[in-house]
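Structure record follows, encoded as structure tokens.
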Number of protein chains: 2
Amino acid sequence: MRYHKIPDETIRRLPVYLRGLQYLLDQGRQSVSSISLADFLHVSAAQIRKDFSYFGDFGTRGVGYDVETLIRQIRNILKLSDTSGAALIGAGNLGTALLAYPGFRTYGFEILAVFDNSPAKIGKKIGRAKVEDIVNIEEITRRGIKLAIIAVPAEAAQDIADKLVAAGVNGILNFAPRFLSVPKKVKVITIDIAMELGRLPYYM
Amino acid sequence: MRYHKIPDETIRRLPVYLRGLQYLLDQGRQSVSSISLADFLHVSAAQIRKDFSYFGDFGTRGVGYDVETLIRQIRNILKLSDTSGAALIGAGNLGTALLAYPGFRTYGFEILAVFDNSPAKIGKKIGRAKVEDIVNIEEITRRGIKLAIIAVPAEAAQDIADKLVAAGVNGILNFAPRFLSVPKKVKVITIDIAMELGRLPYYM
DNA sequence: CTATGTGAATTTATTCACAGCA
DNA sequence: TGCTGTGAATAAATTCACATAG
């Protein structure tokens with residue numbers, strides 16, 4: 001395969017493929033063609049083949065893709081191969097919901113630490129995690145955590161982001177409706193619920 | 001202005017512009033140029049001008065855009081002009097977090113009804129809303145609610161979606177990690193948290 | 001002189017269509 | 001034969017660059 005810059009859109013789709021394949025694997029499916037995977041995931045077959053082709057020859061002509069192998073390959077590309085720990089900042093309703101969210105495990109994430117600034121919450125257990133005081137946020141450095149989830153009010157988000165960066169985090173999943181300023185080496189993905197909802201009426 | 005098909009990407013950006021403009025308005029800003037808005041929102045100025053140009057001539061050459069007028073225009077385009085009611089299905093942690101989410105108001109949404117199937121929750125008040133029994137879901141027809149938010153476990157999501165469609169809903173914001181099959185006239189936007197998180201390590 | 005609005009140029013992403021391998 | 005892998009063709013989105021209006 002010749003060199004090609006990998007489209008961002010391709011990376012965005014890989015987790016979608018991964019979930020679909022995981023589902024097929026759970027169903028006992030051994031191999032899958034681009035056409036049947038495409039049908040299942042509501043994307044085009046050519047898209048799937050092209051996306052995979054950027055990374056190598058994963059399939060077998062005349063047969064299709066081996067589900068288990070393909071899952072492993074995608075996990076490698078996305079660097080989900082080994083479980084990595086994440087810290088959750090904010091133990092409110094959203095934080096609590098995230099702690100209970102089953103989706104993280106699929107992607108090899110485990111929330112290892114939870115921080116909050118409310119005395120009422122510090123020390124309490126939520127699920128398996130005990131809420132720690134936000135002033136000890138640099139603890140994440142010692143524990144080698146590189147990834148954090150921000151679930152605090154918008155006003156506090158930038159301050160928390162600064163502290164996380166200082167503590168060595170290089171990936172942030174941000175649920176606060178704010179643009180976060182961080183150094184280039186740190187990747188932020190913001191999930192802004194209202195922003196998604198905002199375009200819904202247009203299509204209705 | 002000649003006819004142009006409006007790119008989906010433009011629609012996706014309008015809520016981003018809207019939030020930025022709202023912020024500027026709160027700061028007392030009266031008018032804004034594409035360049036300063038672009039700086040503020042971290043997009044390109046040409047993009048902003050092109051996006052707006054699809055809908056008409058909103059600006060004044062040599063001056064810029066009137067913030068208040070522009071907000072009104074975007075709200076019109078997105079059909080956010082009058083507050084519309086929404087139903088929330090699922091009163092778990094996520095549902096509770098969504099009820100407390102301040103972002104909805106900005107976009108003219110108000111959660112008017114909350115449904116759940118858990119006897120422990122039915123009848124309880126969460127914030128201003130009283131949780132109703134999911135078996136009475138068709139109540140939303142009577143109340144003229146056209147928009148719903150699904151915050152139930154993945155397994156239950158499709159069943160709920162079917163019921164919502166039957167009740168006349170034509171827009172769904174889906175938080176369950178499942179593809180929802182609905183008639184073409186119904187618009188679904190799925191926010192899949194794990195899917196966003198899944199591509200974060202790739203960039204780290 | 002400033003900043004919009006917009007065709008044209010460019011870049012990016014998707015789809016087509018088919019050669020080539022199992 | 002069946003399905004992948006991939007250049008070539010097409011479509012979509014972004015950026016450029018400038019004429020034009022205030």
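In this text the structure is predicted, and so the values were computed from the model without any measurement. Numbers restart at 1 for each chain; the letters A, B, ... are given by sequence-line order, proteins then strands.
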message: Does anything in residues 5-29 of chain A come within less than 4.0 Å of DNA chain C? Heavy atoms only, and list the residues if so.
response: A/P7, A/D8, A/E9, A/R13

- prompt: What residues in residues 42-50 of chain B put a non-hydrogen atom under 4.0 Å from any atom of DNA chain C?
  reply: B/R49, B/K50

field: Salt-bridge criterion met for A/D8 and A/R12 (N-O under 4.0 Å)
entry: no

- request: Run the salt-bridge test on B/K50 and B/E9 with the 4.0 Å N-O cut-off and return the result as yes or no.
  value: no

Can you confirm whether the side chains of [X] and [Y] place a donor and an acceptor under 3.5 Å from each other?
| X | Y | value |
| --- | --- | --- |
| A/Q158 | A/D162 | yes |
| B/T10 | B/D51 | yes |
| B/R75 | B/S81 | no |

For residues [X] and [Y], determine if any side-chain heavy atom of one lies less than 4.5 Å from a side-chain heavy atom of the other.
| X | Y | value |
| --- | --- | --- |
| A/F115 | A/E139 | yes |
| A/N170 | A/K146 | yes |
| A/I74 | A/L78 | yes |

Mind calculating the distance between [atom1] ([X]) and [atom2] ([N]) to the nearest angstrom?
| X | N | atom1 | atom2 | value |
| --- | --- | --- | --- | --- |
| A/Y54 | D/dT6 | OH | C1' | 10 Å |
| A/H4 | C/dT14 | NE2 | P | 14 Å |
| B/Q73 | C/dG5 | CD | P | 11 Å |
| B/D66 | D/dG22 | CG | P | 16 Å |
| B/F52 | C/dT4 | CZ | C1' | 12 Å |
| B/D39 | C/dA3 | CG | P | 12 Å |
| A/D57 | D/dG7 | CG | C1' | 15 Å |
| A/D51 | C/dT15 | CG | C1' | 12 Å |

- request: Look at A/S34 and D/dT4 and indicate whether a side-chain polar atom (N or O) is within less than 4.0 Å of OP1 or OP2.
  value: yes

message: Is there a side-chain contact between B/Y65 and the phosphate of C/dG5, meaning an N or O under 4.0 Å from OP1 or OP2?
response: yes

- prompt: Can you list the steps and then say if A/F40 with B/F179 is a ring pair (Phe, Tyr, Trp, His ring centres under 6.0 Å)?
  reply: CA-CA 10 Å; A/F40 183 59; B/F179 178 87; 9.2 Å; no

field: Quiz item: B/R61 side-chain donor-acceptor pair to C/dT2 base, under 3.5 Å
entry: no

